[in-house]
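Comments concern the structure below.
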Protein chains: 2
Amino acid sequence: MKSEGSNMRSACYVGERRLELFDLEPRDPGEGEVTIDVAYTGICGTDLHILHGAMDARVTLPAVLGHEMSGTISALGDGVTEWSVGDRVTVMPLRWCGDCPACRAGCSHICHNLDFIGIDSPGSMQASWNVPQEVLVRLPASLSLEHAALAEPTAVAVHDVRRANLQEGERALVVGGGPIGLLVAAVARQRGADVVVAELSESRRELADKVGLQVVDPAAVDMPAFIAGWSDGAGVDVAFEVSGAAAGVQTAIQSLAVRGRLVCVAIHATPPPVDLFRVFWRELTLIGARVYERADFTEAVRLLELGAVPAAALITRVEPLDRAAAAFAELETGRAMKVLINCHDGS
Amino acid sequence: MKSEGSNMRSACYVGERRLELFDLEPRDPGEGEVTIDVAYTGICGTDLHILHGAMDARVTLPAVLGHEMSGTISALGDGVTEWSVGDRVTVMPLRWCGDCPACRAGCSHICHNLDFIGIDSPGSMQASWNVPQEVLVRLPASLSLEHAALAEPTAVAVHDVRRANLQEGERALVVGGGPIGLLVAAVARQRGADVVVAELSESRRELADKVGLQVVDPAAVDMPAFIAGWSDGAGVDVAFEVSGAAAGVQTAIQSLAVRGRLVCVAIHATPPPVDLFRVFWRELTLIGARVYERADFTEAVRLLELGAVPAAALITRVEPLDRAAAAFAELETGRAMKVLINCHDGS
């Protein structure tokens with residue numbers, strides 16, 4: 001079943017930290033489904049997590065990875081009337097049950113039985129992909145398919161900023177300058193906030209600087225003094241914890257003003273110590289933010305189209321599908337920001 | 001200076017875990033001040049903390065303790081026009097600077113330079129007490145001075161419930177059934193919430209039960225199963241962390257529904273581990289709540305007058321001022337809920 005160079009190839013996690021190319025059987029779209037000719041699929045930190053075996057309880061092997069994508073509809077199943085062959089699309093990769101307490105509370109994006117497409121079901125790191133029409137998001141003609149592959153992580157950032165209820169003129173500290181951190185910073189800046197990114201890695205700080213973001217090395221400066229100087233002693237209105245590190249949580253909490261809001265974006269596999277005394281003392285609010293809702297996805301596409309997101313700078317390189325394993329390995333080194341897989345191009 | 005039986009006696013923390021009676025020099029009220037004949041002063045957990053030496057950096061020795069009180073105005077300073085001798089009052093024991101970032105942001109109750117009267121300046125555990133008129137809160141004629149001494153902790157509970165934005169019909173779990181926990185539960189119940197108190201101590205559970213609160217022993221029941229059964233699998237809308245224990249934080253977070261709110265009431269001297277994965281996964285909100293604002297105090301007095309707070313049941317006993325040290329010692333054992341000091345009565 002393993003092959004090279006076929007048009008139906010897919011990049012699959014097969015267990016034991018290995019990614020392999022497979023030829024999967026092409027399938028006509030079912031009722032209510034469309035087939036997408038996948039153009040680009042971005043590699044996400046979650047994909048690396050899967051490769052590390054950290055999500056083996058959730059994935060079915062071999063697992064086609066990929067949930068950040070763009071493409072063109074190539075076939076329509078029965079009952080699809082709102083879409084046409086040739087439509088340029090991205091996918092909001094969530095399916096919900098509609099019946100659990102979360103769905104009944106209007107939070108279907110965090111459904112108790114959520115199907116995260118690309119984790120819980122096959123993803124887009126393949127030439128041709130069938131998805132239910134409900135997950136499609138239309139792309140404007142002026143947005144390149146390359147940049148459109150950033151719609152999903154941009155929607156995460158839009159959701160995070162919305163959860164913060166960030167207002168124009170507020171000070172926002174983004175702790176962690178990886179892909180999501182920089183997207184959060186870009187969206188916050190577009191909202192009119194005064195934004196600083198705190199990031200330990202020099203190369204990531206350089207990239208943040210290159211896209212016009214203010215950036216600080218929390219290991220090199222006295223952060224409390226920096227925050228006090230920036231905010232006239234008040235602290236920041238909003239912090240985004242995007243580092244996933246216990247020290248990042250501490251920096252974020254220490255930086256907040258009275259009634260400041262901390263949006264918890266990163267995944268902390270181990271419960272970090274959290275300074276609840278400070279939470280009490282300054283009446284802080286900590287807000288969990290997970291994935292996105294439909295409005296966030298629509299807004300993400302609009303911001304990409306506007307050029308409010310530095311898409312070109314964030315995309316370190318584009319690799320062909322048969323170099324997917326090498327692309328994952330390079331991301332592991334931390335030297336790349338965002339790597340896209342061209343799902344049609346052979347090497 | 002130490003004496004017994006004088007009308008001007010005061011109970012002071014003198015360091016080294018000791019509380020002693022002193023006769024302080026009576027002082028006429030200054031401009032804008034009133035003198036209060038103190039009727040009752042409740043002993044708070046914070047007073048125990050001070051006695052343990054945990055707040056030695058904040059207090060000036062000898063420190064007159066006490067910030068939960070009721071009394072009658074006995075003298076007026078110059079410039080006091082809104083109050084009369086004989087007025088029955090309690091005190092909202094906060095003074096703020098009016099100029100710091102917190103005050104400028106409208107959060108003067110958590111002023112960066114807050115003077116918490118009874119901690120940072122002399123408190124009410126004395127027969128006669130001078131306070132600035134700004135801190136006075138009027139008591140209705142129908143409210144006994146004994147019950148009115150609970151206005152301060154009740155205002156804490158009102159503030160906590162308000163910070164939660166608790167709605168009628170919501171499920172609220174109160175983790176910790178001490179004085180503040182039971183007051184939070186009583187206020188939440190009065191707001192129309194469905195309330196359960198989780199408490200490890202049998203005697204505290206018995207008291208909660210006696211005042212008609214639903215109560216559960218988190219060490220004896222399977223809490224996730226209990227919460228699931230209570231909430232049809234959803235989890236609770238609001239949890240109040242009033243235990244100050246890391247395990248209490250964990251119980252509260254595990255019990256919350258999607259988008260549930262955790263109000264952090266208790267003081268955690270050491271940052272406990274907090275399950276930020278769950279915060280992210282269920283999009284929870286953690287909300288710090290500290291002391292109260294003027295509206296909370298007014299509402300506390302109203303609820304005490306209404307009988308919505310089980311004041312009589314919460315007051316374990318009333319002790320004369322010269323038994324203050326013994327009253328503190330009894331509270332240490334955990335056998336008493338709330339002990340009031342009668343600031344005029346000798347033993």
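Every chain is numbered from 1, with letters handed out A, B, ... down the list of sequences. Predicted model, so just to flag it, every value in this text is computed and none were measured.
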- Task: For atom CZ of A/Arg261, decide whether the heavy atoms of other residues, nucleotides or ligands shown that lie under 6.0 angstrom number more than 12.
- Result: yes

- Please say whether more than 12 non-hydrogen atoms of neighbouring residues, nucleotides or ligands are located less than 6.0 Å from CZ in B/Arg191. yes

- Query: Under a 4.5 Å cut-off applied to non-hydrogen side-chain atoms, are B/Arg278 and A/His268 in contact?
  - Reply: no

- Item | Region of B/Ala257 in contact with chain A, defined by heavy-atom distances below 4.5 Å | neither

- Item | Selection from B/Val279, B/Leu114, B/Ile110 maximising heavy-atom pairs under 4.5 Å formed with chain A | B/Ile110

- Closest contact, heavy atoms only, A/Cys107 versus B/Arg259: SG-CG, 3.6 Å

- Query: Does the side chain of B/Val274 come within less than 4.5 Å of A/Pro271's, by heavy atoms?
  - Reply: no

- Using a cut-off of under 4.5 Å for heavy-atom pairs, which of B/Ile267, B/Leu262, B/Leu286, B/Asp232 has the most such pairs with chain A? B/Leu286

- So CG of A/Leu284 and CD1 of B/Ile287: to nearest 0.5 Å the spacing works out to 11.5 Å

- Message: Heavy-atom pairs under 4.5 Å with chain A: which of B/Ala269, B/Ala266, B/Ala234 has the most?
- Response: B/Ala234

- Query: Pick from B/Pro272, B/Ala246, B/Cys264: which one has the most heavy-atom pairs with chain A under 4.5 Å?
  - Reply: B/Pro272

- Got a donor-acceptor contact below 3.5 angstrom from the B/Arg290 side chain to the A/Trp281 backbone? yes

- Engaged part of B/Val265 at the chain A interface, taking heavy atoms whose separation is under 4.5 Å: backbone

- Query: Given the rule in the side chain to side chain contact (heavy atoms under 4.5 Å, CB included) test, do B/His112 and A/Val258 qualify, once you have shown the distances and angles that lead to the verdict?
  - Reply: CA-CA 9 Å; B/His112 286 198; A/Val258 153; 3.8 Å; yes

- Task: Mark yes when over 12 heavy atoms from residues, nucleotides or ligands other than A/His49 sit less than 6.0 Å from its NE2; otherwise mark no.
- Result: no

- Yes or no on side chain to side chain contact (heavy atoms under 4.5 Å, CB included) for B/Arg163 and A/Thr285, after CA distance, side-chain angles and deciding distance? CA-CA 10 Å; B/Arg163 290 283 289 159; A/Thr285 301; 4.1 Å; yes

